[in-house]
Amino acid sequence: TDGESEEEKKARKNKGRKTAIIVSVSIIGMFAAVYIGFAVYFGSHFLFYSTINGTDFSMKNVEQVEKYMEEQVNGYVLSIEKSDGKEEQIAGKDISLKYVPGKELEKLVKEQNNFFWIESLWKHPKIEAPIGVEYDKEMLKTKIEGLQCMVPENQTASIDAHPEFKDTEFVVIPEVIGTQIDVEKFCKEVEQAVSGFLPALNLAEKECYLKPRFLEDSEQVIAAKDAMNSYLGANITYDFHPYTEVVDAAVISQWVLVDGEMNVTFNQDAVRAHIAALAEKYDTIWKTREFTTANGNVVSVNPGTYGWEIDQETEYAALTANIQNAETVTREPAYFSVAATHEPMDMGNTYAEVDLSAQHMWL
């Protein structure tokens with residue numbers, strides 16, 4: 001107030017400061033007491049948001065957890081979730097499952113960092129551990145063997161990632177995970193699920209299916225794809241005037257092979273077969289021809305040494321070299337012998353015709 005002396009004002013301010021300090025210390029003390037109280041509490045109870053094998057046991061002590069386990073064991077069923085969305089089950093009663101209290105839960109509580117209990121509010125502890133259960137291992141083995149997912153006829157093998165020709169080049173086709181069971185892994189996962197009192201086992205998530213040997217990002221697959229594409233740069237146009245035959249990426253891709261080990265090979269037999277097919281289509285040597293005589297009669301002319309004949313071995317070497325060098329060329333194939341034209345009557349318009357019956361010759 002206006003009538004206060006300087007000493008009185010000073011005393012009043014000091015009193016206010018002391019009051020504020022006392023209140024602050026009291027609040028801090030209260031929070032400290034609460035924090036320490038929780039720390040002591042969580043020395044014998046599970047932290048906030050704690051789950052054990054998927055079941056919420058927040059703020060529960062060992063006795064409460066064990067009581068829950070005892071109540072649940074009689075109706076326990078393990079659901080086995082398959083990749084096709086279907087499920088199979090193993091019931092606890094079918095393997096003589098029973099709960100046996102042990103030291104595991106007490107150990108789990110003691111392993112908690114109870115002094116830093118506040119972290120559990122956002123970290124949400126997830127505990128995976130075997131719980132005190134016992135079962136008949138032989139009965140479990142029999143149940144596993146009787147599952148439909150274990151029947152060989154119901155399983156499909158995985159498919160490796162591999163290079164495959166699409167449109168203009170080889171690309172990597174991703175792997176396909178089948179339903180062939182990894183028996184050792186599967187049995188181990190089932191045993192752990194039962195021991196942990198888990199409600200479900202997802203075969204895909206637990207990687208119980210046999211994986212492909214090669215995955216989409218495998219170095220071997222990528223290297224094989226690149227090697228196969230290296231063959232596709234050539235473009236050879238065969239000139240059979242007026243006809244053409246093209247050997248391009250679409251054709252060459254059929255001659256590049258990759259085996260199960262991702263080894264790339266060039267199918268030489270397929271190249272020879274392609275050249276043989278060209279010879280079958282365009283060779284005329286040794287073939288009978290239909291000929292229209294000067295008199296207008298159509299006669300069959302016996303095969304002879306005249307006509308087109310591709311030199312297949314020489315052409316194989318030339319075509320292989322074109323491909324290896326990634327060349328773009330237009331050319332005729334290598335020939336043993338040539339004719340006048342590739343039309344059905346390959347003699348062209350200049351030839352001699354002899355009619356022995358009429359004793360006449362035309363030129």
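Scope of the values below: all heavy atoms of this structure, side chains included, with no hydrogens, waters or symmetry mates.
The neighbour count for Glu184 CD, taken as heavy atoms of other residues, nucleotides or ligands under 6.0 Å away, does not exceed 12. Sparse packing is recorded around CD of Glu63, with 12 or fewer heavy atoms of other residues, nucleotides or ligands lying under 6.0 Å away. Applying the 6.0 Å contact sphere to OH of Tyr306 captures more than 12 heavy atoms from other residues, nucleotides or ligands. More than 12 heavy-atom neighbours from other residues, nucleotides or ligands sit within 6.0 angstrom of NZ on Lys185. For Asn297, the CG atom counts as densely surrounded, since its 6.0 Å shell holds more than 12 non-hydrogen atoms of other residues, nucleotides or ligands.
One finds a salt bridge joining Arg331 and Glu315 here, because a Lys/Arg side-chain nitrogen approaches an Asp/Glu carboxylate oxygen to under 4.0 Å. Ion pairing of Arg213 with Glu261 is present here, as a side-chain N (NZ or NE/NH1/NH2) and a carboxylate O approach within less than 4.0 Å.
Taken together through direct or relayed side-chain contacts under 4.5 Å among Ile, Leu, Val, Met, Phe, Trp and Tyr, Val40 and Ile118 form parts of separate hydrophobic clusters. Neither Trp308 nor Ile285 shares a network with the other; the hydrophobic side chains, linked directly or stepwise wherever heavy atoms of I, L, V, M, F, W or Y lie under 4.5 Å apart, form separate groups for each. Transitive grouping of hydrophobic side chains (ILVMFWY, heavy atoms separated by less than 4.5 Å) keeps Phe186 and Leu198 in distinct clusters. With hydrophobic clusters built from ILVMFWY side chains whose heavy atoms lie under 4.5 angstrom apart, Val77 does not share a cluster with Ile95. With hydrophobic clusters built from ILVMFWY side chains whose heavy atoms lie under 4.5 angstrom apart, Tyr35 shares a cluster with Leu121.
Distance alone, capped at 3.5 Å, is enough to place a donor-acceptor pair between the Ser253 side chain and the Ala250 backbone. Distance alone, capped at 3.5 Å, is enough to place a donor-acceptor pair between the Asn325 side chain and the Ala321 backbone. Under the 3.5 Å distance criterion, the side-chain polar atoms of Ser230 are matched with a main-chain donor or acceptor of Ala227. One N or O on the side chain of Thr293 and one on the backbone of Asn295 form a donor-acceptor pair closer than 3.5 Å. Checked by atom type and distance alone, the side chain of Asn154 pairs as donor or acceptor with a backbone atom of Gln148 at under 3.5 Å. In this structure a side-chain-to-backbone donor-acceptor pair under 3.5 Å is missing from Tyr209 to Ser158.
Looking only at atom types and distance, the side chain of Asp56 has a donor-acceptor partner in the side chain of Ser58 under 3.5 Å away. In this structure, a donor-acceptor pair under 3.5 Å is present between the side chains of Ser300 and Glu290.
Asp94 places none of its side-chain heavy atoms less than 4.5 Å from the side chain of Met139. Inter-residue side-chain proximity for Phe197 and Leu97 is flagged as met; some heavy-atom pair is nearer than 4.5 Å. Between Met228 and Glu169, every side-chain heavy-atom pair lies at or beyond the 4.5 Å cut-off.
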Would you be so kind as to tabulate the donor-acceptor pairs closer than 3.5 Å made by side chains of residues 355-363, with sequence neighbours excluded?
from: Asp355; atom 1: OD1; to: Ser357; atom 2: N; distance (Å): 3.1
from: Asp355; atom 1: OD1; to: Ala358; atom 2: N; distance (Å): 3.1
from: Gln359; atom 1: NE2; to: Leu356; atom 2: O; distance (Å): 2.8

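Aromatic ring orientation, His342 versus Tyr335: tilted (interplanar angle from 30° to 60°). Phe240 and Tyr238 have tilted rings, their planes meeting at an angle from 30° to 60° on a 0 to 90° scale.
Here the options are Phe170, Phe266, Trp255, the test is ring pair (Phe, Tyr, Trp, His ring centres under 6.0 Å), and the partner is Tyr231; only Phe266 passes. Just one residue in the list Leu108, Thr51, Leu47 forms a side chain to side chain contact (heavy atoms under 4.5 Å, CB included) with Ile127, and that residue is Leu108. With respect to Phe48, the ring pair (Phe, Tyr, Trp, His ring centres under 6.0 Å) criterion is satisfied by exactly one of Phe38, Trp122, Phe57: Phe38. With Ile236 as the fixed residue, the side chain to side chain contact (heavy atoms under 4.5 Å, CB included) test singles out one of Asn322, Val251, Val246, Thr328: Asn322.
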